[in-house]
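The structure under discussion appears below in the form of structure tokens.
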Amino acid sequence: MADSAEIMVQKNGGEEENMAAWLLGVNTLRIQPYQLPPLGPHDVKVGIKALGICGSDVHHFKTMRCANFIVKKPMVIGHECAGIIEAVGSEVKNLAPGDRVALEPGISCSRCDLCKNGRYNLCSQMRFFGSPPTNGSLANKVVHPASLCYKLPENVSLEEGAMCEPLSVGVHACRRAQVGPETSVLILGAGPIGLITLLAARAFGAPRVVMTDVDESRLAIAKSLGADELIQVSTEMKDASDEVVKVQTAMGTGIDVTFDCVGYNKTMTTALNATRSGGKVCLIGLALSEMTVPLTPAAAREVDVIGIFRYRNTWPLCLDFLKTGKIDVKPLITHRFKFTQEGVDAAFETSARGGNAIKVMFNL
């Protein structure tokens with residue numbers, strides 16, 4: 001099976017058999033055949049050309065679960081993707097074979113109250129690429145609703161198109177927190193989502209952004225992407241009070257919005273205590289399902305705590321940011337691999353190690 005993606009079995013009068021990366025167990029991914037559903041009238045068939053590895057993919061790979069989403073049977077992995085249209089359903093009018101598209105990976109029910117009210121990302125019936133039990137998109141081809149495929153501007157690459165998915169997290173967070181040209185922003189955590197949130201906050205006009213992390217090399221990357229001040233922090237709760245003073249001093253003014261891109265007791269404690277009275281704390285990172293934090297003092301200062309889950313209605317704005325150059329995601333792509341068994345194994349181990357790996361990308 002090791003060379004199956006390169007050999008490509010010929011079937012059905014010469015048509016290439018579709019292959020995908022199946023998660024079979026802990027640390028076990030295998031490239032195996034993947035039979036697609038029939039093309040519906042409102043669907044398109046997309047040849048996947050670029051796919052990034054997300055932190056949730058790594059959780060599934062390492063533990064067979066991510067938060068409450070548990071892998072109970074073999075599943076195709078992956079969801080940050082872009083590709084080229086190969087076929088369109090009979091009712092599809094806005095896309096044609098040959099179009100380059102970025103794919104929004106979640107299919108909501110469109111019927112529940114949340115969907116009808118525009119909050120479709122919270123739909124309980126959501127089918128999301130690579131989130132159990134729904135198969136993902138690390139495959140040669142996928143079938144997907146045309147309404148969730150967005151045509152790429154000419155100056156936006158397929159890799160950048162795939163980056164619309166993580167960028168959407170930062171864009172949705174900035175919308176929820178109402179970041180604007182007068183918003184001072186603190187970001188806790190300079191991992192991939194923290195760095196994406198930095199880029200999004202700048203695009204929304206934030207004039208000053210301070211970032212923290214335990215890793216000096218990640219802070220150096222944040223600096224290169226435009227963070228104004230950097231604070232290296234520890235993992236010890238006893239240091240939280242001193243670090244609150246440091247980030248407030250570094251900001252030089254009240255902290256309007258804090259994004260916790262980690263999600264631990266210490267980071268959320270820092271966020272609640274550092275944010276000015278009347279400000280907002282947005283929890284993006286979900287490291288822990290339960291936390292013990294000083295909520296009452298923050299509530300007494302009317303600090304609003306908001307959460308986000310994925311995103312909604314973000315692709316057009318993300319593509320506009322990329323097209324106009326307001327956001328450049330290319331520096332975040334640090335490693336590239338081919339879609340072979342050896343490449344899949346190496347890519348996921350590289351992403352899991354972290355270090356200098358920010359976004360690991362497949363080129364199919």
Side-chain angles (χ1 to χ4, degrees), residues 54-56 58-60 62-70 119 121-122 124 131 169-170 172-174 176-179 183-198 201 209-216 218-219 222 229-251 254-311 352 354:
C54 174
S56 63
V58 174
H59 280 293
H60 287 133
K62 287 295 182 182
T63 67
M64 296 294 282
R65 69 180 297 158
C66 184
N68 295 323
F69 297 93
I70 302 170
R119 306 188 74 175
N121 58 311
L122 304 178
S124 63
S131 182
V169 175
H172 182 48
C174 286
R176 287 271 287 153
Q178 297 179 311
V179 173
T183 309
S184 59
V185 172
L186 170 64
I187 300 174
L188 307 180
I193 290 299
L195 297 172
I196 282 282
T197 303
L198 163 63
V209 180
V210 174
M211 294 192 70
T212 73
D213 200 276
V214 298
D215 189 313
E216 190 174 1
R218 286 292 172 93
L219 290 175
E229 295 288 343
L230 310 165
I231 307 293
Q232 188 170 7
V233 295
S234 79
T235 58
E236 300 294 328
M237 182 64 83
K238 64 180 177 61
D239 297 325
S241 295
D242 288 342
E243 289 167 3
V244 165
V245 174
K246 287 181 180 179
V247 296
Q248 289 175 330
T249 302
M251 186 65 75
I255 296 169
D256 297 312
V257 172
T258 298
F259 293 106
D260 182 355
C261 298
V262 185
Y264 282 117
N265 288 324
K266 181 176 182 254
T267 54
M268 199 59 179
T269 295
T270 300
L272 291 168
N273 289 338
T275 305
R276 68 165 176 80
S277 297
K280 296 183 180 71
V281 170
C282 181
L283 179 58
I284 301 177
L286 303 175
L288 300 178
S289 59
E290 295 184 3
M291 288 188 280
T292 302
V293 296
L295 193 58
T296 304
R301 295 189 297 110
E302 294 192 2
V303 174
D304 294 338
V305 179
I306 56 179
I308 68 159
F309 184 62
R310 295 174 179 155
Y311 34 69

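- Proximity of E243 to T212: side-chain heavy atoms (C-beta onward) are nowhere separated by under 4.5 Å.
- Closest non-hydrogen pair, I231 versus A250, comes out as CD1-CB, 4.1 Å.
- Atoms CD1 and SG, from I196 and C174 in turn, are 11.0 Å apart once rounded to the nearest 0.5 Å.
- Of the possible polar contacts, one joining the Q248 side chain to the A274 backbone as a donor-acceptor pair under 3.5 Å is found.
- Inter-residue side-chain proximity for L295 and V305 is flagged as met; some heavy-atom pair is nearer than 4.5 Å.
- Rounding to the nearest 0.5 Å places SG of C282 at 8.0 Å from NE2 of H172.
- When V247, T183, V244, V185 are each tested for a side-chain contact (heavy atoms from CB on, under 4.5 Å) with I255, only one passes: V247.
- Every residue two or more places apart in sequence or in another chain was checked for a side-chain hydrogen bond (donor to acceptor under 3.5 Å, both in side chains) with N265, and none qualifies.
- Evaluation of the salt bridge (charged side-chain N to carboxylate O under 4.0 Å, His left out) rule for K246 yields no partner, not counting sequence neighbours.
- Closest heavy-atom contact between F69 and R310: CZ-NH2, 4.3 Å.
- Between I284 atom CD1 and I193 atom CD1 the span is 7.5 Å, to the nearest 0.5 Å.
- Taken from OG1 in T197 to CE in M211, the straight-line distance is 7.5 Å, to the nearest 0.5 Å.
- Considering all non-hydrogen atoms of both residues, P294 and N273 come closest at CG-OD1, 3.9 Å.
- The shortest non-hydrogen separation linking V179 to A201 is CG1-O, 4.1 Å.
- Residues forming a side-chain hydrogen bond (donor to acceptor under 3.5 Å, both in side chains) with D256 (at least two apart in sequence, or on another chain): S184, R276.
- Proximity of V233 to D239: side-chain heavy atoms (C-beta onward) are nowhere separated by under 4.5 Å.
- Of all non-hydrogen atoms in M251 and L186, the two that sit nearest each other are CE-N, 4.0 Å.
- In this structure, M268 CE and T258 OG1 are separated by 9.5 Å, a value rounded to the nearest 0.5 Å.
- In this structure, the side chain of Q232 does not engage the main chain of L219 through any donor-acceptor pair within 3.5 Å.
- Residues passing the side-chain hydrogen bond (donor to acceptor under 3.5 Å, both in side chains) test with R176: none are found, sequence neighbours excluded.
- Nearest heavy atoms, V281 versus A271: CG2-O, 3.6 Å.
- In this structure, NZ in K280 is found 11.0 Å from OG1 in T275, a value given to the nearest 0.5 Å.
- The salt bridge (charged side-chain N to carboxylate O under 4.0 Å, His left out) contacts involving residues 283-308 comprise nothing, where partners must be two or more places apart or lie in separate chains.
- The side-chain hydrogen bond (donor to acceptor under 3.5 Å, both in side chains) check on D260 picks up T267, with sequence neighbours excluded.
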